[in-house]
Enquirer: 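I have a structure I would like to understand better, so I am pasting it below and will then ask my questions one at a time.
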Amino acid sequence: MEMRDFVVRFAGEGGQGVVTSAEGLAQASTQVGYHALTFATFPSQILGGPTWTQARISVDPVRGPGDAVDVLVAFNREAYDNHQGEVKAGGVIIFNSNDFELDGDSRGVGLPIDQLAKSTGNNRAANMVVIGALAHLVNMPKEYLDEFVIKRFTRGRASDEEIIKSNILAMTLGREHVSASEFSLGELAPSQPPDGDQLMLKGNEALSLGAIAAGLQFYVGYPISPATPILLYMERNLVGEGKFAYQVSSEIESITTVLGAGFAGKKAMTASSGPGISLMSEGLGLGWMAEIPCVIVDVQRGGPATGLPTKTEQSDLLSCMWPAHGDVHLPVIAVGTVEECFYGAVMALNWAERYQGPVMLLSEMSLAERAQNIPKPDLSKIMVESRDVYQGSNGYQRYAGRELSAMPLPGRPGAYVANGSEHDDIGDTTHLAERHVQMTERRFSKLKLLEENLYERDKPESPVAVVPWGATKGPAREAYDKLIEAGVDVGWYYTMLLNPMPPKMLEELRRKELVIVPELNYQGQFGSILRSLGVKAESITQYTGLPFKVSDLVSRISEMANASQREMVRA
Amino acid sequence: MEMRDFVVRFAGEGGQGVVTSAEGLAQASTQVGYHALTFATFPSQILGGPTWTQARISVDPVRGPGDAVDVLVAFNREAYDNHQGEVKAGGVIIFNSNDFELDGDSRGVGLPIDQLAKSTGNNRAANMVVIGALAHLVNMPKEYLDEFVIKRFTRGRASDEEIIKSNILAMTLGREHVSASEFSLGELAPSQPPDGDQLMLKGNEALSLGAIAAGLQFYVGYPISPATPILLYMERNLVGEGKFAYQVSSEIESITTVLGAGFAGKKAMTASSGPGISLMSEGLGLGWMAEIPCVIVDVQRGGPATGLPTKTEQSDLLSCMWPAHGDVHLPVIAVGTVEECFYGAVMALNWAERYQGPVMLLSEMSLAERAQNIPKPDLSKIMVESRDVYQGSNGYQRYAGRELSAMPLPGRPGAYVANGSEHDDIGDTTHLAERHVQMTERRFSKLKLLEENLYERDKPESPVAVVPWGATKGPAREAYDKLIEAGVDVGWYYTMLLNPMPPKMLEELRRKELVIVPELNYQGQFGSILRSLGVKAESITQYTGLPFKVSDLVSRISEMANASQREMVRA
Amino acid sequence: MSKKNPEYDFKWCPGCGDFGVRRSLELAMIDHLEESGLPMENNVVVAGIGCSGNLVHLLEGPQPYGFHGIHGRSLPIALGVKMARPELNVVVVAGDGDFLSIGGEHIGPQASRNLNVCAVVMDNGVYGLTKGQSSPTTKLGEITSSTPYGKIEMQQNPLELYLTLGVSFIASGFSGQPRLLANLIKQGMDHPGFAIVHVQSPCTTYNDTFEQIKGDAKKGIEPSLWQIPDEHDATDRASAYGLIQQGGLPVGVVYRDEARPALNQRLQESWEKARSRTTEELMKAFEF
Amino acid sequence: MSKKNPEYDFKWCPGCGDFGVRRSLELAMIDHLEESGLPMENNVVVAGIGCSGNLVHLLEGPQPYGFHGIHGRSLPIALGVKMARPELNVVVVAGDGDFLSIGGEHIGPQASRNLNVCAVVMDNGVYGLTKGQSSPTTKLGEITSSTPYGKIEMQQNPLELYLTLGVSFIASGFSGQPRLLANLIKQGMDHPGFAIVHVQSPCTTYNDTFEQIKGDAKKGIEPSLWQIPDEHDATDRASAYGLIQQGGLPVGVVYRDEARPALNQRLQESWEKARSRTTEELMKAFEF
Ligand SMILES: Cc1ncc(C[n+]2csc(CCOP(=O)(O)OP(=O)(O)O)c2C)c(N)n1
Ligand SMILES: Cc1ncc(C[n+]2csc(CCOP(=O)(O)OP(=O)(O)O)c2C)c(N)n1
Ligand code: SF4
Ligand code: SF4
Ligand SMILES: [Mg+2]
Ligand SMILES: [Mg+2]
């Protein structure tokens, strides 16, 4: 039968080629026009340790890593034991017969990975052996893979030809070895190459690129999983005159340094994860109070406290929206796909410049470590905003009025004191009631500048809607499509803009009988925020450190939708 | 006419006796059975600077400093200019005629304060001159005041007699000087001495005493207005074997040190204000995660950031309830009166021991600096709780199960690792999904242990209710009583317990058509929390840095109440 | 901006040492500008929280830019300002509590980086603005509002700390000598690296050390203040260490190392190894 | 608790220096207990966050109490444990990043207080757990994942820092000498005040310094490690300072001052001036 989509999980020890095989497969597939997504997990130790990576190859754009595994590639016995349960009925298990023997599992195909690789004279071709084997299972034409290998290893070196030969041989050996066994999954439908260039990258990389595309000039950070790759990317690439990327001594330094740079006129950003974001609390309040543009990225991991550094969760929403004492309410943009990592970062920088204050950009471990092909952003189409800079002479009242005003640039006329105490128009500290009223209203009025009606919706007429946020978008949308197929009457709303929310979307949600919010936290954080905004929201929560399974969402959403339908009938 | 209550505002330069006069009047009045409340404001500079203190004397228990001023005592011209507008119609202004002359204000009575004091041969008796003058205005019997002076200055010293004489003389001079002018406010009704002993103290002092009464053993803090007095009180009084009170190097040290002490078996507490609380964010999450009993006091001031150190506000509620990243939801007790400062502290310590985690105790600048007479707490009636200590042998699983378990005491069998990463039963770090689910549910299940139906209510049958929190209780209740007199149909609910809220109270509020929440912040923080809990709440907000005026609340509440009545009729 | 702004109502107590520091800073900034020919707006004063930090609102004459943030964070804010705009003259003003206690963590990193800013620390051995609690420089045994039975921890020695952390310019001064102090601050501004001018600026209300510093012949009190002799070789780390060990309040330049490149200079150099790419070029790496 | 707990799945890399530190700590604790006759539960190990801090879960044999909190806060947590229960033996284990970077602010205060705990700092000159970024002890110019063009800030000298801050017991050791190291840690535990045992514990994965420390005759590499001679007078601050200036990796006790009273002792003394009152008595002050 024809397949549009298949999922392979590679499991073994760190260092056995688990990751390179997954990425190789993904690259091979994307190069011949398929869509691919890989999701890597971390072993909790530094070297070795059990690890696995999943690759999903599809004719259509991919939304998530996928629930059920079609093929498990088990590099060792432990991997087999831990993952064989995930293999769906009719699935196949390729096991490294150089490492262990497997009897009594009818799904098993032994593949002497190391030995076959060796026989090609190129030990590093082990992953090609595996890829060849997989290609056979889904009947991927040999030409496809050869093409990929040729492309990949044509680097204008003398050794090219030889390497290409050995790799093609490795794939062929893998292919033949498996074809000997009668196993097959079916026929992968021919690829429908997306038009336009594509990029294959991870969420953290897309986010970094987006920030740079929006004109980022200044970045400081402190290492923390899963945000560290952003720091490393910036230190390598945000270089040259007028740029600065640096590792500071703590997240307290990160946020206050970023505030200094934002004040001095730069587009500045820092990224961290839960514990680091909590340390920034006081500094975030200062940014709001002194009106300093900057972007703070929270690549969420499992919490609280040191929590679960290598797991994914969506539990920082409340503390990012209200991060500090006093009346502070920060803008929040939460990205849901690798592509949104790019465009969300662009928006976050634009928002910071537009309203002159800190913007929280929420990502998640599951996005940060997900590699995926996305349409290459067209920079000429990206609208980049910069703050309104004061151009006049001295004697300027930087904080005058109840609304946004132009921001002076140190070195130029317009000197004032950026002040974290309540202040008057020129930034001197004051305690007068009228001032506190004026400045409080001024700070909140600026949020209005960020109200944009950017959101997705389907079946707006339905009284029930599914409204996920962040990376739950992927599985939620897969589930939603299935529910629609099944004829369930339910609408779909999604936005990256969690504060301020798109006013029209909020209006529509307020009219719903029930708004179902699937989210990866215990408290149902977004659900409770929606309720406080007058929406009849109920959350579907999960707090396992893992993303939702599509199948779980399908059943839990339809349950809730039907229940409310029954109620409506009764009423 | 007979008065049950009068309000005097003393205004001048720091150092002119503004505070001593107010406190003297309050003490004199309480000693003869009246109720008294004084409220001091801070000048923004250290020495001198304009300042004022208000005293309210009443036959009945006092709820707040009072809106309108009956008598203004102006020690200098600036004070007159700034405060004369607050004097109610028919009020009197006593001005220091040694400092300035006042013509064209029919309310003014000149009093040569310094000169009269000098003439008694005791310059320090200036405040007695003022008190005598005030006593005359409300017709307070001379014996009352003489009695007070005698009590106060009888200290078994040779000089007693002389000092008493000069003070009594001072009062007489003040009295006579004003009686010469025909001014009078009326007759203060005879006092109705409360039965039982009374204490006259400030909110911070009551809170400190309450904590000590509940068995506090360990206190660290870092200076910050308006919480510093708690630190100083503890350093002076929390001494002796097994006790520790100390100033540490920052609020980050405060919270983490307190966690160490709570882990080691002590009842531990720290106090700060907004900026310091924000710095504790990460540590608070750790306390929740590792399950460490401790109490954190937030004496709220104006925010955000450094904000308004000497002003009052109720804007830290959201950030205290959700102080950190991850699924953290801390218990919150907010006190509303000086007396509640005492009992709220007792409860906070009990809660911390009962559920084994951090408890947030919210106070406010306006309570911290308010001196008031309260019934002396009967220690024999105070129920003090202590954590359930593990008594068994080694091999204990401290974090086993989905509910509270006994806490081991270092030094005794039951060794485990208190862990801020997700952990298993013995406290070792783990990433297993089941564990994160178990421990998350365990942490939240413990909040159930704190559900108590302690709340005030009046007219529960009314579809509309006023539900203030914290120190807004005072003016809100005064306003409520006036509304009831005026025949407005509105109910009253109040509790110190903001998380978890009394379940019965929450149930009742959910059935209301409208719940009106007066609170001192811009966002309407408690209102939005109530809405997220399914209550039709709307806030009345004020963000001036000052407490509500009763008159404002009367009009704003009745407006809202009537509006909703009309709607209900329409519906 | 006191003179010009009635709404700003904080005032230093009469006799407060901070008056002298303000004057010195005004003089130093003006000197510095006259040399550079740049306008006052080229100066950024990053202030800590305390009576000391309030200096940023009390400067008279032409106004520099200011950043008055949160307690203890003036150094990292200054790091951000300076590395964003190396052409700006960035000055930090902070108190002993702000700089050495809650903000103490930031000194070492800026010293290691040799961040090119000048920090003026106003040390009064007490927390002034919060009314008299002990600070890291409050002496062992002293009674303050927060040490009712005497302080039970040792005081810090800031000068030795700076030297150990690698601060490349260290001066010590007294608020009672505004012109001399102005000169030290000016040198600190001119120094191509991290400069700290540590100033004894007595708190006349909570910890009046004027007498002890200046001495009183009548009462037979020796002054703790002493001028650093010209012979002192400030470029020699060992001599600097020895000088600090002598105690008292030395006035002058304790240590200076002008050879060490500042952070922005080292950064420039490191770029030679780097290649700056356009966004388009960066995206290329992810094409396939 | 590795051996006993399959659920705990973190493992140090083969050859990691931390194995040796763990062994040393186990030996030192056992020694200490045999002398005191107290059970293992009398020990509390407060751990930082890092490969190093994970030691608290990897101890074998009888288990002490542990507190594995948040990054950089092991010292203030230890302050709380120790001042709550002075009879407990409190040990801190942390990495160079945890202890000197984000946690650096807490060293000075504990030194000034002379808090009676023993801190074992596992210095590998890198951030191990986060996979190889630079730390305060990473050398200037070194290339790490976070310094792709070479580190542009100076490394810190922890031993000199401890001495300057007033740490009253300072030892320096090497994870490759477990018995020697155990002895130093034991001395640190016995020391009546704040003790720091600074250990070179190489990260074989991201910064393998074993060769540089132990030297390699064949390659003509001199060992950086040298034993502190018996003549060294550790009670003399100046000699300690001089010793540190010699550089390399000295092994032994660098400095010790047993005369200085520890915080809990000074606290006891201060109580003589104080009067402890019952709640009833305290309330009296507010009666009228
Ligand atoms: C996070 C935080 N904690 C505490 C405070 C309260 N506070 C304001 S100034 C100050 C210390 C002032 O002492 P110092 O830095 O020596 O300055 P000085 O007033 O003596 O000049 C403190 C603790 C604060 N504003 N923020
Ligand atoms: C507030 C916070 N910031 C960052 C991190 C991430 N983090 C975990 S361990 C570590 C540093 C580890 O280096 P080190 O202290 O030297 O220990 P090592 O792993 O080298 O033994 C960091 C930055 C964290 N857990 N918490
Ligand atoms: S309190 Fe001290 S430091 Fe503050 S202004 Fe007054 S004298 Fe100066
Ligand atoms: S990364 Fe380095 S420090 Fe961490 S376990 Fe491996 S070798 Fe040890
Ligand atoms: Mg000071
Ligand atoms: Mg390290």
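A note on names: the letters A, B, ... follow the listed sequences, proteins ahead of strands, and every chain is numbered from 1. Worth knowing before you read on, the calculation uses all heavy atoms, side chains too, and leaves out hydrogens, waters and symmetry mates.
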Enquirer: Please classify the contact between C:Q245 and chain D as side chain, backbone, both or neither, with a heavy-atom cut-off of under 4.5 Å.
Expert: side chain
Enquirer: Using the test side chain to side chain contact (heavy atoms under 4.5 Å, CB included), find all partners of D:R260 that sit at least two apart in sequence or belong to another chain.
Expert: C:M154, D:N114, D:S168, D:D257
Enquirer: Considering only heavy atoms and a distance below 4.5 Å, find which of D:S270, D:P136, D:P261 pairs most often with chain C.
Expert: D:S270
Enquirer: Residues two or more places apart in sequence or in another chain: which of them pass side chain to side chain contact (heavy atoms under 4.5 Å, CB included) with C:A84?
Expert: A:F218, A:A261, A:A264, A:K266
Enquirer: Within residues 137-149 of chain D, which positions have a heavy-atom distance to chain C below 4.5 Å?
Expert: D:L140, D:Y149
Enquirer: Return the option, out of D:A274, D:G166, D:G103, D:G108, with the maximum number of heavy-atom pairs under 4.5 Å with chain C.
Expert: D:A274
Enquirer: Ignoring hydrogens and angles, tell me if any N or O in the side chain of D:T209 forms a donor-acceptor pair with the backbone of D:Q212 under 3.5 Å.
Expert: no
Enquirer: Please classify the contact between D:Q155 and chain C as side chain, backbone, both or neither, with a heavy-atom cut-off of under 4.5 Å.
Expert: neither
Enquirer: Mind checking what makes side chain to side chain contact (heavy atoms under 4.5 Å, CB included) contact with C:Q110, not counting sequence neighbours?
Expert: A:E253, C:L75, C:L79, C:H106, C:R113, C:L115, C:F194
Enquirer: Does D:K284 pair with D:E287 as a salt bridge, N-O distance under 4.0 Å?
Expert: yes
Enquirer: Establish, yes or no, whether a centroid distance under 6.0 Å links the rings of D:Y241 and D:Y255.
Expert: no
Enquirer: Got a salt bridge between C:E153 and D:R266, using NZ or NE/NH1/NH2 to carboxylate O under 4.0 Å?
Expert: no
Enquirer: Side chain, backbone, both or neither: which part of D:L165 has a heavy atom under 4.5 Å from chain C?
Expert: side chain
Enquirer: I'd like to know if the side chain of D:S172 and the backbone of D:P250 have a donor-acceptor N/O pair within less than 3.5 Å.
Expert: yes
